[in-house]
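Counting starts at 1 for both ligands and their atoms, following the listed order.
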Amino acid sequence: MNEKIQRVGVIGAGQMGAGIAEVCARAHVDVLVYEQTRDLAAAGRSRILRSLDRGVSSGKITEREREQAAWRLRFTSDLGDFADRQLVVEAVLEDEKVKTSIFAELDKVVTDPSAVLASNTSSIPIMKIAVATNNPERVVGMHFFNPVPVLPLVELVTTLKTSGAVTERAEKFAAEVLGKEIVRSSDRSGFVVNALLVPYLLSAIRMVESGFATKEDVDKAMVLGCAHPMGPLALTDLVGLDTVKSIADSMYGEFKEPLYSAPPLLMRMVEAGLLGKKSGTGFYQYNKA
Ligand code: 3HC
């Protein structure tokens with residue numbers, strides 16, 4: 001029943017979904033990825049192939065490993081195809097309604113009672129998603145970090161209802177198969193990392209918004225003064241301004257803490273479609289991903 005996980009499903013092939021699918025395929029696991037349309041699936045596949053190419057050019061994987069990983073990836077637009085999956089990781093946009101409807105459907109489709117149904121949500125409490133299923137004991141949070149092939153952490157979030165066996169199965173897979181480091185978190189909006197990171201990103205945006213310092217100087221200050229690999233505005237661009245806003249909204253909804261409220265500049269940029277690296281423009285300009 002509780003066999004080794006060899007068949008994984010990933011819902012969504014955006015930044016995070018593609019990264020999760022890639023690390024699973026690189027870890028010799030059969031991966032089925034759901035996207036709504038053929039075009040989105042094709043975009044997801046090229047995102048993964050570009051990242052695998054980068055892995056080859058930086059000497060992290062061989063040509064052969066790249067080919068084999070690419071072979072292990074299949075795409076579908078039918079959630080019904082997930083019946084035989086032992087672990088499904090949902091990585092769609094931060095929208096509670098969309099996530100709950102996916103989990104309600106997955107719960108009906110995935111037949112293995114010991115299967116793990118995981119959400120990569122950045123901030124939505126997992127219980128809100130778990131209660132959309134008839135088997136909340138198999139729902140857990142597995143929160144990966146961007147870029148997924150590079151950052152070694154997975155936050156494992158258990159709810160009041162997650163079973164010990166499911167938690168153990170998810171942890172074992174992330175640690176032993178994917179080679180990730182695990183931290184455990186209780187089920188509060190933002191979990192550990194975003195509860196600390198997002199107020200910092202919002203504070204940096206407020207500094208720029210108020211004219212207190214330029215975006216370049218804010219970023220330079222944190223890179224050179226605190227040895228961060230990138231500054232908070234560049235990091236906001238990497239994560240996606242829409243995602244940062246969704247996390248802030250979710251944390252504000254839970255705690256009503258002013259530090260978590262999205263500053264107007266962030267809201268206006270999201271409304272304008274300036275979403276960061278993925279849209280080509282955010283605080284900085286990029287070649288569109
Ligand atoms: N596959 C394998 N390895 C890869 C790779 C890929 N696709 N892409 C890059 N790498 C490796 C490189 O080979 C390099 O390895 P090395 O240090 O051993 O040589 C390393 O990753 C760094 O890559 P680069 O040298 O190409 O790029 P940079 O040095 O400019 O680093 C960065 C880029 C990894 C993005 C770095 O700036 C960084 O870590 N930034 C912080 C990112 C961060 O904080 N992410 C968390 C965001 S929060 C989140 O995701 C949660 C969500 O809920 C919001």
Side-chain angles (χ1 to χ4, degrees), residues 12 14-27 44 46-63 65-66 69-70 73 89-95 99 118-126 141-157 178-181 183 185 188-202 204-205 219-220 222-224 226-251 260 262 266 270 275-278 282 284 286-287 289:
Q15 257 181 160
M16 296 305 290
I20 296 164
E22 179 187 341
V23 294
C24 291
R26 276 167 58 167
S46 7
R47 191 172 282 127
I48 297 172
L49 294 181
R50 277 199 306 275
S51 178
L52 286 169
D53 286 344
R54 206 161 160 209
V56 173
S57 60
S58 62
K60 295 284 183 294
I61 53 170
T62 64
E63 275 286 351
E65 284 166 337
R66 176 203 181 281
L73 288 156
V89 186
E90 165 277 315
V92 303
L93 73 172
E94 287 294 282
D95 181 316
K99 287 184 191 285
S119 176
N120 177 58
T121 178
S122 307
S123 62
I124 299 171
I126 304 298
M142 287 177 81
H143 185 210
F144 292 78
F145 294 84
N146 185 11
V148 181
V150 180
L151 294 193
L153 184 67
V154 171
E155 278 181 321
L156 191 67
V157 186
L178 301 184
K180 297 290 187 187
E181 292 289 333
V183 294
S185 170
R188 295 181 3 168
S189 178
F191 315 127
V192 174
V193 171
N194 283 331
L196 294 168
L197 177 67
V198 169
Y200 157 67
L201 300 181
L202 300 177
I205 296 169
D219 277 353
K220 189 173 171 182
M222 295 311 292
V223 171
L224 299 185
C226 292
H228 286 195
M230 65 208 305
L233 286 322
L235 182 53
T236 300
D237 277 356
L238 177 73
V239 169
L241 276 72
D242 51 342
T243 304
V244 171
K245 181 183 174 300
S246 300
I247 300 170
D249 290 348
S250 168
M251 287 169 55
Y260 299 155
L266 177 62
V270 171
L275 305 182
K277 206 171 170 197
K278 64 182 160 193
Y284 301 97
Y286 304 87
N287 293 325

If you take the nearest heavy atom of each of R54, K277, M230, which one is closest to atom 27 (O) of ligand 1? R54
Any Q15 heavy atom less than 4.0 Å from ligand 1: no
Numbering as shown, the atoms of ligand 1 that approach H143 to under 4.0 Å (heavy-atom distance): 51 (C), 52 (C), 53 (O)
Strictly inside 4.0 angstrom of atom 17 (O) of ligand 1, do you find any protein heavy atom? no
What residue and heavy atom of the protein are closest to atom 7 (N) of ligand 1, and at what distance? S51 OG, 2.8 Å
Checking contacts here: is it the side chain or the backbone of M16 that comes within 4.0 Å of ligand 1, counting heavy atoms only? Could be both or neither. neither
Work out whether the distance between some heavy atom of V239 and some atom of ligand 1 is less than 4.0 Å. yes
The closest protein heavy-atom partner of atom 20 (C) of ligand 1 is V150 CG1, 4.3 Å
Has the side chain of S58 got a donor or acceptor atom that lies under 3.5 Å from a matching backbone atom of R54? yes
Going by atom types only, do Y284 and D219 share a side-chain donor-acceptor pair under 3.5 Å? yes
Per-atom contacts of ligand 1 with S122, taking only distances under 4.0 Å to non-hydrogen atoms: 52 (C), 53 (O)
Distance alone, cut at 3.5 Å: any donor-acceptor contact between the side chains of E22 and S51? yes
Does V92 offer a backbone N or O that forms a donor-acceptor pair with the side chain of E90 under 3.5 Å? yes
Answer yes if a protein heavy atom lies under 4.0 Å from atom 2 (C) of ligand 1, otherwise answer no. yes
Judged by atom type as modelled, is there a donor-acceptor pair below 3.5 Å linking the side chain of E181 to the main-chain atoms of V154? no
Closest to atom 19 (O) of ligand 1 among protein heavy atoms sits K60 NZ, 3.9 Å
Exercise check, heavy-atom protein proximity under 4.0 Å to atom 31 (O) of ligand 1: no
Using a strict 4.0 Å cut-off to heavy atoms of S58, name the atoms of ligand 1 that fall inside it. 13 (O)
Could you see which bit of E155 sits under 4.0 Å from ligand 1, with heavy atoms only: side chain, backbone, both or neither? neither
Sub-3.5 Å N/O-N/O distance, N146 and ligand 1: yes
Nearest neighbour in protein (non-hydrogen) for atom 49 (C) of ligand 1: F145 CD2, 3.5 Å
For ligand 1, note which part of L151 has a heavy atom under 4.0 Å away: side chain, backbone, both or neither. side chain
Under 4.0 Å between a side-chain nitrogen and a carboxylate oxygen: does that hold for K99 and D95? no
For F144 and E155, run side-chain contact (heavy atoms from CB on, under 4.5 Å): C-alpha distance rounded to whole Å, both residues' side-chain angles, the deciding distance at 0.1 Å, then the answer. CA-CA 7 Å; F144 292 78; E155 278 181 321; over 6 Å; no
Backbone N/O of G17 and side chain of N120: donor-acceptor pair under 3.5 Å: no
Would you verify that at least one protein heavy atom lies under 4.0 Å from atom 53 (O) of ligand 1, or report that none does? yes
Does this structure show an ion pair linking D242 with K278, if we count only N-O contacts that are shorter than 4.0 Å? yes
Taking only heavy atoms of R26, which atoms of ligand 1 are found under 4.0 Å from at least one of them? 1 (N), 2 (C)
Determine whether the side chains of S189 and S123 contain a donor N or O and an acceptor N or O closer than 3.5 Å. no
Which segment of L197 sits under 4.0 Å of ligand 1 when only heavy atoms are counted: side chain
Short list, please: which atoms of ligand 1 are under 4.0 Å from a heavy atom of P149? 1 (N)
Kindly determine whether L151 and K180 satisfy side-chain contact (heavy atoms from CB on, under 4.5 Å), including the steps that lead there. CA-CA 8 Å; L151 294 193; K180 297 290 187 187; 5.7 Å; no
Just by distance, no angles: are the side chains of E94 and T243 close enough, under 3.5 Å, to form a donor-acceptor pair? no
Please assess L233 against M222 for the test side-chain contact (heavy atoms from CB on, under 4.5 Å), listing each intermediate value before the final yes or no. CA-CA 10 Å; L233 286 322; M222 295 311 292; over 6 Å; no
Counting heavy atoms only, which of G231, G190, P229 comes nearest to atom 38 (C) of ligand 1? P229
Pair E65 + R26, salt bridge at N-O below 4.0 Å: no
Short N/O distance, under 3.5 Å, between N194 and ligand 1? yes
Taking every heavy atom of L156 against every heavy atom of M142, the minimum-distance pair comes out as CD1-CG, 4.0 Å
With heavy atoms and a 4.0 Å threshold, my read on which part of L235 contacts ligand 1 is side chain
Atom 22 (C) of ligand 1 within contact range, any protein heavy atom under 4.0 Å: no
